[in-house]
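Below is one structure, written out as structure tokens; comments come after it.
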There are 2 protein chains.
Amino acid sequence: MTNKNVFLKKLCMTRSEENYIKIIFHLGGNTSTLISTNAIAEQMATKPSSVTDMSKKLAEKGLLHYKRYQGVTLTELGVKVALSIIRKHRLWEVFLVEKLDFTWDEVHEVAEQLEHIKSEKLIDQIDALLGYPKYDPHGDPIPSKDGEFLERDKQLLSDMPKQSIGVCVGVKDTSTPFLKFLDKNQIALGNTIKVLDIEDFDQSLSILINNKKLNISHQIASNLYVKKQN
Amino acid sequence: MTNKNVFLKKLCMTRSEENYIKIIFHLGGNTSTLISTNAIAEQMATKPSSVTDMSKKLAEKGLLHYKRYQGVTLTELGVKVALSIIRKHRLWEVFLVEKLDFTWDEVHEVAEQLEHIKSEKLIDQIDALLGYPKYDPHGDPIPSKDGEFLERDKQLLSDMPKQSIGVCVGVKDTSTPFLKFLDKNQIALGNTIKVLDIEDFDQSLSILINNKKLNISHQIASNLYVKKQN
DNA sequence: ATAAATTTTTAGACAAATCTAAAAATTGGT
DNA sequence: ACCAATTTTTAGATTTGTCTAAAAATTTAT
């Protein structure tokens, strides 16, 4: 048994604590990014005052660093805990889709419950049963027992072929004009985008997003990351 | 969807409430047996005063009948809820043993967690994946979606006469030491057991199992259920 | 039948996780 | 640098499930 797992075993965490750690990880993902109280509150669908209370408790437990009015960062231990929860969540998602015929939109709610089941043997056996998958049904990477994982293969929208479908996962250019353009056109993280056509003349794209057809320039498309489906 | 399932869907129950209902069912099993506050407290490993509080709450919700100083009985709805929890618990136990190589003594703790996962589709698909089993790994019957189940015609090994043959179908004692003993001696559900001899002095038995002769105490034999062969 | 023993309930407290409302600190615009 | 807006924290309350200690009801024994 690794050193990490000894720590995880000793730590007894409530469901609520685990959800905070998971959300904080998703908002930052490492030990150096400061996450604000309000951002956490919004993701947790709770009030900032509740977040402050929980931040103090989790800092007390050594899972994050907290400084008044500054925000929090995960400790190394906090990252390990987050990865172990995410590992469980994503493995359960694969299980539900592969073994129990769940559709992609049905898995999340159930996986949110299953990720809190406490049994090392359980999740390791599920992992084995599934053949040690590397990605979940949404294409997100599944951390190994030791917390290692491969970042998913995302690509620029401009590199997608005609008729392909992807989910918007990030931007390359982070300038204000570009982000404003995205806002104005209601292009947001998580949106599904289908490439309808690519114009030979200027490589501009005709895409389907939010059930609406939209034409965007090659320059726009070459600054949007998508995760290709299938 | 049956009427019952409509009710179960509307009822939102906490984990603690579900555990009370399950324990009360195990102590009585029907709508007419009065269960005492102390008995529940002992099984729940809690104090009688806590049981009183919870009894009032569950009566309020229509799951049981409660009269001061008398005890409680389950309502019809309470029985249905209990059966649905027991169904989940036992199906998960089969899953853990059949699909994930858990041993008899490892399943209980994890099934205690899994039985509270809320998803009708999840448990129905697990049921299908397992081929709609009728009995769990301890030989206890699994209620159907409609709450019906067949108690098995079984008897204690200690009540079998010399030279009789039976098939192991369950255990009376489900404690870890007993289950570990069975694992160690390769006594498992489905094994055929022949009673070779019964010692007058201490009622210990000499049995034939897996084509091997084995001596077991009367105490062991009185905690093993077998189904007698014609 | 009545006193003693037991069981059950009540009353009041506590911990966890949340909330609201108000106070304090930080940030941003001019 | 200062005022206004925003963010964050504090203080105090609420809910759920539990506890202890004491009171009340029931059961048992003589």
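Convention: sequence-line order gives letters A, B, ...; per-chain numbering from 1.
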Does the side chain of B:Glu93 come under 3.5 Å of the side chain of B:His138 through a donor N or O and an acceptor N or O? yes
Can you find a side chain N or O atom of A:Asn38 that sits less than 4.0 Å from OP1 or OP2 on D:dT8? yes
Rounding to a whole Å, what distance do you find between A:Lys47:NZ and D:dT8:P? 15 Å
Atom-pair distance (CD1 on A:Ile35; C1' on D:dT7), nearest Å: 15 Å
Tell me: CD of A:Glu60 to P of C:dA16, nearest whole Å? 12 Å
Taking atom CD of B:Glu112 as the centre, does the number of heavy atoms from other residues, nucleotides or ligands within less than 6.0 Å exceed 12? yes
To the nearest Å, give me how far apart NZ (A:Lys61) and C1' (C:dA15) are. 13 Å
Modelled atom types, side-chain donor and acceptor of B:Asn30 and B:Ser32, under 3.5 Å: yes
Measure the distance from CE on A:Met44 to C1' on C:dC19 and round it to the nearest whole Å. 14 Å
For nucleotides 10-13 of chain C, give me every protein contact, N/O to N/O, under 3.5 Å, one pair per line with atom names.
unit_1, atom_1, unit_2, atom_2, d
C:dT10, OP1, B:Arg68, NE, 3.2
C:dT10, OP2, B:Lys56, NZ, 2.3

Any side-chain donor-acceptor pair under 3.5 Å between B:Ser175 and B:Asp173? yes
Of the options A:Arg15, A:Lys88, A:Arg90, A:Lys22, which is the one that meets A:Glu115 in a salt bridge (charged side-chain N to carboxylate O under 4.0 Å, His left out)? A:Lys22
In whole angstrom, give the distance that lies between atom CD1 of A:Ile40 and atom C1' of D:dT7. 13 Å
Between CG of B:Leu58 and P of D:dT16 the distance, given in whole Å, is 13 Å
Tell me yes or no: between the side chains of A:His89 and A:Asp136, is some donor less than 3.5 Å from an acceptor? no
In whole angstroms, the gap separating P of D:dT27 from CG of B:Leu34 amounts to 11 Å
Counting any heavy atom closer than 4.0 Å, what does B:Ser50 reach on the DNA or RNA strands: base, sugar-phosphate only, or nothing? base
